[in-house]
Amino acid sequence: MTTISNRLQDILATIESARTANSPGQPVQLVAVSKAQPASAIRESYQAGQRVFGENYLQEALEKQAQLTDLNIEWHFIGPIQSNKTQPISQHFSWVHSVDRLKIAQRLNESRPQALPPLQVCIQVNVSNEESKSGVLPDDLAALAAEINQLPKLKLRGLMAIPAPTQDINRQIAQFKQLRQCYDALLAKGFSLDTLSMGMSDDYPAAIAQGATLVRIGSALFGARPAKAQG
Ligand SMILES: *Cc1c(COP(=O)(O)O)cnc(C)c1O
């Protein structure tokens, strides 16, 4: 039987070989995406050594967090953010990957508790040029990054993208390349960043080859998700 622990070891080995083939000095972090998975699956991966988990839906995440308070988990919020949810997100997560407009950044900054370290954030970039996808357009990125750098309770760490799903690996690679170019352009402008959040179960080796420093993996670790998650 294939367990979460076996799959975790396989994923870590795949990450390691993609990483060493690309840039051996660059660490790559795994965020285990546990949306639609029960708290017991998170606990099982934790026991296998995984510490960082990503959730998309606030209500679902809060329920699981309440069942896992005995574990030292680093929680990442990776889902779309409605402005009326910014307060609990800023209180219950260490990282937010999906900041895509100034208003959301300001609200997260205002409600981040003073007692906690700054909220670690990535800006979500739209690399597929589809109106329906969330994310800031590459042309608007530097201005948003500069505004976020002014917010004392946020720490801008890098960029995130969810490329349009495609079977065409070349199109996927082109989207990763585009995010990488956005990231390099910000570094060239003097922004201090260390996180390129891209790559999911079906494409993370390709994302690492394009410079990902953080991959977000759900189904390859936990198995297929049960019916649609709510939150
Ligand atoms: C669901 C999700 C993932 C993980 O997707 P898998 O294909 O299951 O690995 C990663 N990132 C985001 C933003 C997601 O919503």
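Both ligands and their constituent atoms are indexed starting at 1 by order of listing.
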Could you work out, with side chain to side chain contact (heavy atoms under 4.5 Å, CB included) as the rule, every residue matching A41, not counting sequence neighbours? I4, Q37, P38, F222
If we ignore hydrogens and angles and just use 3.5 Å, is the side chain of N22 paired with the main-chain N or O of I208 as donor and acceptor? yes
Regarding E60 and K35, does a basic nitrogen lie under 4.0 Å from an acidic carboxylate oxygen? no
Applying salt bridge (charged side-chain N to carboxylate O under 4.0 Å, His left out), name anything that partners R216, two or more places apart in sequence or on another chain. none
Mind checking what makes salt bridge (charged side-chain N to carboxylate O under 4.0 Å, His left out) contact with D194, not counting sequence neighbours? R157
Tabulated below should be the N or O atoms of ligand 1 paired with protein N or O atoms at under 3.5 Å; can you produce that?
residue	atom	partner	partner atom	Å
ligand 1	8 (O)	S219	N	2.8
ligand 1	8 (O)	S219	OG	2.9
ligand 1	8 (O)	R225	NH1	2.7
ligand 1	8 (O)	R225	NH2	3.3
ligand 1	9 (O)	S201	N	3.0
ligand 1	9 (O)	S201	OG	2.5
ligand 1	9 (O)	G218	N	2.8
ligand 1	11 (N)	R216	NE	2.9
ligand 1	15 (O)	K35	NZ	2.7
ligand 1	15 (O)	N56	ND2	2.6

If the test is side-chain contact (heavy atoms from CB on, under 4.5 Å), which one of V52, L12, L214 qualifies with L30? L12
